[in-house]
Amino acid sequence: MKKSTIAAMILGTIGGILFALGMCMTMIPEWNAFRPGVIMGVAGMIVLLIMIGVWRKMENKEPIKLSGKTLVAVLIGILGSLLLGVGMCLTLVWSHLTMGIVIGIAGIVTLICLIPFVKGLK
C-alpha cells in the first residue's frame, strides 16, 4: 500500500469520525450539545479538506481547478445529499412514509446522475 493511501485513510477516518460525532451532537436533543457539535463537525470538515490536499500533494497531482462544471457537480452532489437526507428524516423521524420514500429516491437518482455528468458518456 502506498504512503499516500495510508495517509488518506487515516485522515479520512479521523475527519469522518469528527464530522459524524459533531452531527450526532447537534441532532440529539438529549445531549444538549448543539454548539460544540457544530464546532466538532466543522473541525471534521477541515480535516477532510486537509486530507484532499495532502493526498493530492503526495500523488504529485495538480491542484483542483475550479471550473463551471466542477461547481455544478458540487451543487448537484449537495442537492442529492440534501434530498436523500430529507427523505430519510420524513420517513424515520416524522412518519411521512410515502413522501419520504419519494424524496429519498429523488435524492438517490440525483446522486446517480453525477456519475455520467462527471465521467461523461461514451
Side-chain angles (χ1 to χ4, degrees):
M1 185 177 289
K2 297 192 305 188
K3 291 179 185 176
S4 61
T5 306
I6 292 172
M9 275 186 353
I10 291 170
L11 287 172
T13 301
I14 292 169
I17 289 172
L18 287 174
F19 184 74
L21 185 59
M23 293 291 290
C24 289
M25 290 169 72
T26 60
M27 300 299 286
I28 300 174
E30 292 85 12
W31 289 10
N32 197 21
F34 184 80
R35 192 167 295 163
V38 170
I39 293 169
M40 189 164 297
V42 169
M45 289 193 316
I46 290 170
V47 171
L48 291 171
L49 289 172
I50 290 170
M51 180 224 24
I52 294 171
V54 167
W55 182 79
R56 291 187 74 80
K57 183 76 171 172
M58 290 177 82
E59 289 287 321
N60 296 322
K61 293 187 180 270
E62 295 179 17
I64 298 172
K65 295 178 184 175
L66 293 179
S67 65
K69 184 176 180 179
T70 304
L71 184 62
V72 171
V74 168
L75 292 176
I76 291 172
I78 290 170
L79 175 68
S81 299
L82 286 175
L83 284 172
L84 181 58
V86 167
M88 288 177 61
C89 286
L90 283 169
T91 302
L92 299 171
V93 177
W94 298 312
S95 301
H96 296 291
L97 186 67
T98 307
M99 184 61 73
I101 290 172
V102 169
I103 292 175
I105 289 173
I108 291 170
V109 169
T110 304
L111 290 171
I112 290 173
C113 288
L114 266 176
I115 297 168
F117 181 77
V118 172
K119 293 290 184 183
L121 298 173
K122 293 180 183 177

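The two atoms that bring L48 and G12 nearest to each other are CD2-O, 3.7 Å, heavy atoms only. E62 and R56 get closest at one heavy-atom pair: O-NH2, 2.6 Å. Of all heavy-atom pairs spanning T26 and V38, the tightest one is CG2-N, 3.5 Å. Residues L18 and M40 approach most closely at O-CG, 3.4 Å, considering heavy atoms. Closest heavy-atom contact between W55 and S4: CD1-O, 3.5 Å. Of all the heavy atoms in L121 and P116, the pair that sits closest is CD2-CB, 3.7 Å.
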Practice problem: For T110 and I76, run side chain to side chain contact (heavy atoms under 4.5 Å, CB included): C-alpha distance rounded to whole Å, both residues' side-chain angles, the deciding distance at 0.1 Å, then the answer. | Solution: CA-CA 7 Å; T110 304; I76 291 172; 3.9 Å; yes
Quiz item: Between K2 and E59, does a side chain to side chain contact (heavy atoms under 4.5 Å, CB included) hold up when you go through it step by step?
Solution: CA-CA 10 Å; K2 297 192 305 188; E59 289 287 321; 3.1 Å; yes
Quiz item: Between L82 and I78, is a side chain to side chain contact (heavy atoms under 4.5 Å, CB included) present by the stated rule, with each step listed?
Solution: CA-CA 6 Å; L82 286 175; I78 290 170; 3.9 Å; yes
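A chain of hydrophobic side-chain contacts below 4.5 Å, direct or via other Ile, Leu, Val, Met, Phe, Trp or Tyr residues, connects M51 to V42. A continuous path of hydrophobic side-chain contacts links I14 to L21 [ILVMFWY only; heavy atoms under 4.5 Å]. One hydrophobic cluster holds both I52 and V47 under the rule that ILVMFWY side chains link at heavy-atom gaps under 4.5 Å. Hydrophobic clustering, with ILVMFWY side chains joined whenever heavy atoms are under 4.5 angstrom apart, keeps M9 apart from I17. There is a path of hydrophobic side-chain contacts, each under 4.5 Å, that joins V86 to V93.
The 12-atom threshold is not exceeded at CE of M88, counting heavy atoms of other residues, nucleotides or ligands nearer than 6.0 Å. Around atom NZ of K69, more than 12 heavy atoms belonging to other residues, nucleotides or ligands sit under 6.0 Å away. Residue F117 places its CZ atom among more than 12 non-hydrogen atoms of other residues, nucleotides or ligands, all under 6.0 Å distant.
Summarising the geometry, atom CE belonging to M58 is positioned 8.5 Å from atom OG1 belonging to T5; distances are rounded to the nearest 0.5 Å. Taking CD1 of I6 as the start and CG of L11 as the end, the distance is 12.0 Å to the nearest 0.5 Å. Atom NE2 of H96 and atom CD1 of I101 lie 13.0 Å apart (nearest 0.5 Å). The distance from atom CG of L84 to atom CG of L79, rounded to the nearest 0.5 Å, is 11.0 Å. Between the CD1 atom of I105 and the CG atom of L83 there is a distance of 12.0 Å, given to the nearest 0.5 Å.
Between I50 and I46, the closest side-chain pair of non-hydrogen atoms falls below 4.5 Å. Between L71 and L66 the shortest side-chain heavy-atom distance does not fall below 4.5 Å.
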